Amino acid sequence: MGNRHDVYIWDADVYGKPTDFEDAMDMAPRLAKQRIETQTANMLAFGQTVEKLLKTYDEDEQQELFLEGTAADIADTHKAAYNMEISEIGLWPLLLKILLDAAKEHSVVIFDQEAWIACVSPNTILPESAEIEWQRTVEKFTTHKFPKTPKQMKKHFEPLLTNLLVPHGFRRVADPDGLVKFQRDTPFMSQILELGADWYRDNIEVIVLFRGESKSIAALEKKLATDDSRYLVSQEYIKHDVSTIIWGDLFGPLTHEFKTHARHDLYIIQSELDVIRVLNLIKNIVIPIFDHTIDLQSTYIALSTDKFPLLWRRNVFCWWGRSLAIARLINPQKEDFEQAIADYLKFNSEVALNPEWTPLIDGLRQFDVEEFFAEKKRYQQSIQEHLDKKTPSQLMDLGEWYDKKSNLIWQRYCLGQEWQNGSVSGQGSQMTWTKAIELTTQREVKDFGWRLPTEKELASLMLPDKAGYKTEQGILFCPKEEGQYATFWTSTTQKNSEEASVVVFYEGKVRKYPKGYGCFVRLVRKAKGSVITT
């Protein structure tokens with residue numbers, strides 16, 4: 001069966017009714033070739049009824065059915081039989097049901113050879129053997145409240161996952177791709193579980209991915225990385241200053257042994273029993289892995305021994321370097337690290353044959369663990385000092401301005417400029433919107449609370465229809481010459497749009513620019529009660 005197939009619909013009063021399924025098979029292609037000047041009134045009314053019935057379904061179901069505009073399509077068809085091409089992925093049985101329900105109100109014939117069904121209004125199903133199976137399909141879509149679309153499936157899972165994961169310290173977080181995403185932060189790593197849903201032919205499949213991301217290992221990897229060394233750093237798994245330490249697909253090797261207990265693949269969700277099975281797999285497989293990877297020591301055991309055999313074997317072949325990096329952080333003394341190497345090889349002797357083994361071990365031996373943690377501590381202290389309560393005057397001396405009205409703190413200068421000894425130097429950098437977003441994800445920006453302002457936030461600094469800033473002179477600096485106002489990016493954009501909002505300070509207007517244009521950036525952060533105003 002292909003991905004799409006044809007349905008033929010014609011006026012039974014004008015072109016006749018088939019006596020059996022074989023007769024319908026003969027009539028459909030013949031009428032689809034027969035040219036006519038205008039469609040019959042009966043067919044036009046049928047199209048209007050289809051669209052009327054479509055509106056009785058949820059909005060996301062309507063989008064999946066692709067029946068909007070059917071009446072106009074029928075009116076524009078100059079063939080005796082209207083040919084509709086439908087997809088075999090998704091809600092095609094529901095689409096066929098809508099067509100058959102509309103046929104009951106009008107004297108039309110609906111023929112679908114691929115589905116092996118024809119409907120001769122008002123109530124005849126051909127062949128007779130298809131009638132019982134079709135009634136089951138109708139019952140499924142009229143009485144069963146189980147999710148019918150991927151969007152509904154995600155909504156169905158969200159409260160169930162909340163009840164399962166929140167007691168374990170997870171929180172629901174937003175996801176730009178629309179996944180149902182939960183996260184738990186530990187001192188060593190952020191643990192993330194994501195659930196998505198999509199069509200698998202006319203069934204719905206769910207995808208459950210889990211991972212652990214560590215800033216500490218990312219920082220170590222960057223220190224060890226050299227131009228000619230790739231033994232530890234894999235750019236695919238280092239994003240936004242974090243490294244993926246653990247990664248798994250719930251429906252991969254971890255659950256192979258459970259497949260025999262279900263009559264279909266575990267990721268196909270056809271009933272509440274399938275939903276319960278997924279929740280139980282998360283509870284009994286994913287949560288224990290997360291609970292045993294909350295710090296350096298427990299993570300090393302999970303990745304380097306047979307405590308979680310399938311996870312361990314994946315790590316040996318994919319990310320064995322990270323296990324040894326963790327071992328080095330656990331064992332700052334070189335003699336202890338040498339013992340850890342020996343113990344690691346007892347379980348994973350094959351990795352010593354890898355040509356990258358020797359340079360990795362040599363790099364880790366020379367790594368100063370105590371200085372690494374001391375540097376990390378100094379960095380955390382600098383963040384805390386930066387976020388400590390300050391007066392507006394103290395903020396001004398640091399190159400920041402507190403806007404009491406919005407309770408926001410703005411950088412007085414632009415990205416690309418430097419603030420030293422109470423004054424600004426250099427010129428701002430023009431960059432694309434994507435580059436601006438990328439820079440705000442770097443830890444030196446994000447950890448200090450800085451981000452790209454929204455359209456509303458940045459526009460609050462603008463003089464409507466005039467050049468300049470609303471602030472007093474000398475508070476906010478221009479990216480180049482003083483008084484030379486410019487265009488700045490905001491974070492505001494529409495999903496899948498190639499444009500983003502900008503504020504044009506030299507004309508006092510908000511506009512939309514292509515994301516590939518070069519504009520300036522001024523960062524902002526929330527005050528969060530960190531300003532002493534009395």
Side-chain angles (χ1 to χ4, degrees), residues 164-171 173 181-194 209-224 232-233 237-248 254 282-316 318-344 346-348 360 364 367-381 383-384 443 447:
L164 173 62
L165 296 172
V166 168
H168 290 272
F170 287 83
R171 70 184 189 280
V173 295
K181 183 176 180 180
F182 289 83
Q183 180 171 324
R184 178 173 72 176
D185 295 321
T186 73
F188 173 53
M189 74 166 73
S190 294
Q191 300 172 330
I192 298 163
L193 183 138
E194 297 169 320
L209 304 176
F210 62 93
R211 66 182 185 275
E213 299 177 339
S214 171
K215 291 183 178 180
S216 296
I217 297 301
L220 185 154
E221 290 175 331
K222 288 183 177 181
K223 284 185 175 294
L224 291 179
L232 193 57
V233 179
Y237 296 105
I238 303 178
K239 295 179 180 177
H240 310 314
D241 295 306
V242 298
S243 284
T244 302
I245 306 301
I246 294 171
W247 185 92
L254 292 172
I282 293 172
K283 179 180 179 180
N284 295 301
I285 293 177
V286 179
I287 292 178
I289 289 174
F290 278 154
D291 285 345
H292 284 85
T293 53
I294 58 175
D295 55 30
L296 283 167
Q297 185 71 43
S298 60
T299 302
Y300 177 72
I301 293 172
L303 297 181
S304 307
T305 70
D306 59 358
K307 185 173 185 65
F308 297 101
L310 292 171
L311 187 68
W312 163 52
R313 297 311 301 172
R314 173 183 173 79
N315 185 70
V316 169
C318 297
W319 297 330
W320 54 272
R322 293 203 169 107
S323 294
L324 291 165
I326 295 171
R328 186 68 180 102
L329 295 180
I330 296 171
N331 300 282
Q333 300 302 317
K334 290 186 178 180
E335 57 270 22
D336 295 332
F337 181 55
E338 293 299 332
Q339 183 59 52
I341 295 172
D343 292 340
Y344 184 85
K346 291 178 183 178
F347 284 94
N348 313 287
L360 170 60
L364 289 172
F367 185 72
D368 190 334
V369 177
E370 292 181 355
E371 174 56 25
F372 175 77
F373 282 115
E375 183 181 328
K376 184 179 179 182
K377 185 177 180 180
R378 290 194 296 269
Y379 179 71
Q380 293 298 326
Q381 287 174 341
I383 294 175
Q384 189 57 52
R443 72 168 190 157
D447 288 353

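Being a predicted model, the structure only gives us computed values, none of them experimental.
Gln191 and Thr293 share a donor-acceptor pair across their side chains, judged by distance under 3.5 Å alone.
Heavy atoms only, all atoms of each residue included: Thr299 and Ile326 are closest at CG2-CD1, 3.8 Å. The two residues Ile294 and Thr186 make their nearest non-hydrogen contact at O-OG1, 3.4 Å.
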> Given the rule in the side-chain contact (heavy atoms from CB on, under 4.5 Å) test, do His292 and Ile301 qualify, once you have shown the distances and angles that lead to the verdict?
Replying inline: CA-CA 9 Å; His292 284 85; Ile301 293 172; over 6 Å; no
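In this structure, the separation between CD1 on Ile192 and CD on Glu213 is 4.0 Å, given to the nearest 0.5 Å. Atom-to-atom distance recorded for Leu324:CG and Asn331:CG is 11.0 Å, nearest 0.5 angstrom. Rounded to the nearest 0.5 Å, atoms CD (Glu194) and CG (Leu209) are 6.0 Å apart. We find the CG-CD1 distance between Asp447 and Ile383 to be 4.5 Å, quoted to the nearest 0.5 Å. Interatomic distance, Phe372 CZ to Arg328 CZ, rounded to the nearest 0.5 Å: 11.5 Å. Rounding to the nearest 0.5 angstrom, the gap separating the OG atom in Ser323 from the CD1 atom in Ile217 is 9.5 Å.
Taking the six-membered ring where the residue is Trp, Phe170 and Phe290 present tilted rings, their angle falling between 30° and 60°.
Phe367 has its side chain within reach of Leu329: a pair of non-hydrogen atoms, C-beta onward, lies under 4.5 Å apart. Between Leu193 and Ile287, every side-chain heavy-atom pair lies at or beyond the 4.5 Å cut-off. Side-chain contact between Arg378 and Glu375 is present, with at least one heavy-atom pair separated by less than 4.5 Å.
Residue pairs that meet the salt bridge (Lys or Arg N to Asp or Glu O under 4.0 Å) test with at least one member in residues 289-305, sequence neighbours left out, are Arg184-Asp291.
No donor-acceptor pair closer than 3.5 Å links the side chain of Ser214 to the backbone N or O of Met189.
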Do any side-chain atoms of residues 333-342 form donor-acceptor pairs under 3.5 angstrom with protein atoms, and if so which ones, sequence neighbours left out?
unit_1	atom_1	unit_2	atom_2	d
Glu338	OE1	Arg365	NH2	3.2
Glu338	OE2	Arg365	NE	2.7
Gln339	NE2	Asp343	OD1	3.0

